[in-house]
Amino acid sequence: MQLRVVAALSFALTLACEKGVPAEIVNPIDMQPPPLGGDGDGDGDTDDDDPNILDDAGAGDAGGMDAGEPPPEQFTKRGLLKAAAACAVAHYDAFAVDASKLREATQAWAANPGDETRSATRDAWRVAMARWQRAELFRFGPAARAMDDLGGQDLRDPIYAFPQNNPCLIDQRIVDRKYETDFASILIGGRGLNGVEYLGFYASDSNSCGSFISINAQGTWAALGADEVNRRRAAYADAIMADVIAKSNALRDAWAASGGNFMSQMTTPGSGKVYTSEQAALNAVSHGLFYLETEIKDLKLGLPLGLTDGCATTTCPNQVESRFAKVSTDNLRQNLVGFRKLFQGCGADNGGLGFDDWLVAVGADDLNARMLAALEGAQQAVEDLDPPLEEAIVSAPDKLLAVHTAVKKLNDLLKTEFMSTLDLELPMGAEGDND
Amino acid sequence: MIDLARLRGALEAPVSASWLGAFRALFGLTMAVSMLRFLGYGWIDTFFVDPSFHFKYWGFGWVTPLPAPLMHGLFWALTAAALALALGVYARLAGFLFTLGFAYLSLIDVTTYLNHYYLALLLALLLTLSPASRVLALDALWRGQKVQAIPRFWLALFRFQVATVYTFAGLAKLHGDWLLHAQPLNIWLGSHTDLPVIGPLLTLPGAALAMSWAGFLFDSSIAWFLLYRPTRLPAYAAVVVFHVLTRMLFPIGMFPVIMILGAAVFFEPDWPERLVSRLRVNRPLPARLRVPAPALAVTAAFCLLSLLVPLRFLAYGGNVRWHEQGMRWSWRVMVREKNGSVTFRVHEQASGRDLEVSPHRYLTRLQEREMSGQPDLILQLAHHIEDDFARRGRGPVEVRADALVSLNGRRMARLIDPDVDLASIEDGVTPAPWILPAPDEAPPTLRPLGSALSLTAPE
């Protein structure tokens, strides 16, 4: 609670001091236009972006530093744990604000289905999605999968289920209206922000299921009619957002001192705790960085590019992450901003403690410089992605391939020298003995 | 010239059998705990049940894991066998079944290979073959079949086995990374500076180098100090301290226990009797206990093989820690920190498509970590990918590996020639030209956190 009060005060102070907010920067409270596009400075980030996140992460006992504070004199693992944990919570808090706005929009859309309310839902979704894409990198602790990581509580997937998106499943639920009668039974592919994307952005009267699926084979979809389909889409989207907000609150509660107090577990590891040592806790935090490999490199880029086995044709445009909202490029951009915040620090201008400080503290300045250069390269490749990913996959796959190559370069450093230098362990679910 | 008759006479000289009974009991208990750890930590599923693909040893491709319930049952059975071995209830049968079961487990997947599992297997085999089942064994006591003396041959054989492990573990550290650059200890110790009491010591200048040298000198000489009676007791104390320390610093499971237990074979063979007077033998020992000539011949061959196998790396040249040819079964304990990033590039000949295949499509993360630094495993997965594509009607394919590896903190370098179609390569024992040479550069020296030099402003 203290942290949030400090964050709110810091945010208000930052707003008061700002000369102006660039149009592309999100103001999570004032609901400014969504954070689509970079600031053109090459880092893929937005200038002074997201003051509430920045100040949250550096505030109080977060172990990081506020903008303007002198740099820490000594790197400590405990400090990095505090900074990373605070940064994660700040991202979840910021998302909660945007998710609430989105819920308001879906409520309005459900109450009064129409182009205007749907358009407002789309705008709110873009903002919330951009926010969540940054939080994706903080997949440690309660957000992590229980079977993959110590402390995992599976609280990420219900908020955003990528890559388990399942439009046909959503269409089936539109017909049987389980979103009203039995939401809990709906599989993960029919929930979350990806579900709202489909419901809000796919405006066709048709559905995404094959002709052999019962809603088409039995004609139950066709019997609904366009107006009823749109009404149900709005209602379903609102039901999903109610669930997303509940899960978002559960995630924040899991960290809060008044709830699961995972913050304490992460920042004071020891015997009998989830993490028995600071190194073990930092292992878990570092696993968040591996979003770069599995999700970004393989799923968001490799799969639609036809590089991976899951794509049976030359390219697979239908595997693009946000193909309905067409914000896949910005998803990548926000992911890399999240990566930078976790790697470099969550404070203003990426100050505060990050893994980069750890590398410098042990004398691996060269590796740190190469990783930052590789990150810079990946972010620049995303900025250079013109046209957007949804079009580039068809008209300019080479440009998308350049993004993939740049991301792989960073990923190679992450999996090899970074892990070796800091003696971190790859995410493995369970580790056996060694010798 | 070795006087074989005199040597045979020395090996057939009777010694108290109590050391062997005590060793069997303690080893059995240790193995029982080891099996229970697998059950308790969920490693049976992680290592044997969950993976969809297993890396095979050459010639043992037919060894596959049992269904999950049977796999769990096997571990319970091995626990029971280990306990029976410890108690001395049908100990030879128990030892045989344990050896067989543990060998089966060891052969399922190469990525589960650990030096101390290999040692445990050898010790279990030696115990099964030895007269241990009739010494300090419950069933022997019930039947009144007390074996009080055995030929010195068995003591020499167990001592040889333990000395081999220590000595080769020491020789494996005889290289620049370990002795000049203190790697990989420099990396590993650096992540333990937050430990109470020990942690601050690890931040002292030269701590990693001092510990590297200490480790090298300890491993390569401790067997001799244990053999020599005047230094035996302090040497054993050093063994205990060394292994307790390594257990505190590294996740090496039962290895320290096995080695502390193993080093006890260097004590006088009647040491249990000296500790527990009721075990004392009152009857005089026989003058000589015959060891059949074939047994001596087989043992000589075993010993020769035990020396040659760890030395086979010399035939390959290069850096064994990089190319790994001659790495396994050589007691190269904790000598490398290796992390790799491997992507397979598959070319479908019919369609002309080029695909990237991430190892985790087939492997668990744990398997992937092990494979990433071991060329023969990379080759094995390349063949599996080839087979998988063929099975799905998408063959033939060419499979190349984009394998970048960091050894002991060095800059990453290519481990495999990226132009070689691994699908066309058969694994063998000859030097592998598709493995690229190790990087020439020296490994980095890192500052441990908390040391004076790391107290600088990071940004």
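Below, read A as the first sequence line, B as the second, and so on, with proteins coming before strands; counting in each chain starts at 1.
If you tally non-hydrogen atom pairs under 4.5 Å between each of B:R345, B:R392, B:R332 and chain A, the highest count goes to B:R392. In terms of heavy-atom pairs under 4.5 Å with chain B, the best-connected choice from A:L422, A:D365, A:L413 is A:L413. With respect to chain A, the highest number of heavy-atom pairs below 4.5 Å among B:G373, B:S406, B:S372, B:G409 belongs to B:S406. Between chain B and the options A:D412, A:D309, A:L367, heavy-atom pairs under 4.5 Å are most frequent for A:D309. Interface check for chain A: of the options B:E368, B:M334, B:M412, the most heavy-atom pairs under 4.5 Å are formed by B:M412.
Within the 4.5 angstrom heavy-atom criterion, no atom of B:Y113 approaches chain A. When heavy atoms are compared at a cutoff of 4.5 Å, B:T343 approaches chain A solely by way of its side chain, counted from C-beta outward. Residue contact with chain B, scored on non-hydrogen atoms closer than 4.5 Å, involves the side chain of A:D298 exclusively. Using a 4.5 Å cut-off between heavy atoms, A:A312 touches chain B through its backbone atoms (N, CA, C, O) alone. For B:S358, the part lying near chain A is the side chain, with the backbone staying farther off; criterion is any non-hydrogen pair under 4.5 Å. Looking at B:D194, the atoms closer than 4.5 Å to chain A (heavy atoms on both sides) all sit in the side chain, from C-beta outward. Residue A:N368: no heavy atom, backbone or side chain, is found under 4.5 Å from chain B.
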Kindly determine whether A:T314 and B:R353 satisfy side chain to side chain contact (heavy atoms under 4.5 Å, CB included), including the steps that lead there.
CA-CA 8 Å; A:T314 310; B:R353 279 190 73 190; 5.6 Å; no
Go through the steps for B:L114 and B:F255 under the test side chain to side chain contact (heavy atoms under 4.5 Å, CB included), then give the verdict.
CA-CA 9 Å; B:L114 289 179; B:F255 186 52; over 6 Å; no
May I have the step-by-step check of side chain to side chain contact (heavy atoms under 4.5 Å, CB included) for B:V399 and B:V357, ending in yes or no?
CA-CA 10 Å; B:V399 185; B:V357 178; over 6 Å; no
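A donor-acceptor contact shorter than 3.5 Å is absent between the side chain of A:E293 and the backbone of A:F290.
The two residues B:E441 and B:R410 come nearest to each other via the heavy atoms O-NE, 2.6 Å.
Taking the six-membered ring wherever Trp is involved, the centroid distance between the rings of B:H384 and B:F53 falls below 6.0 Å.
Here the side chains of B:M259 and B:L119 are in contact, with some heavy-atom distance below 4.5 Å.
Residue A:F343 is tested with A:L414, A:L137, A:L359 for a side chain to side chain contact (heavy atoms under 4.5 Å, CB included); the sole match is A:L359.
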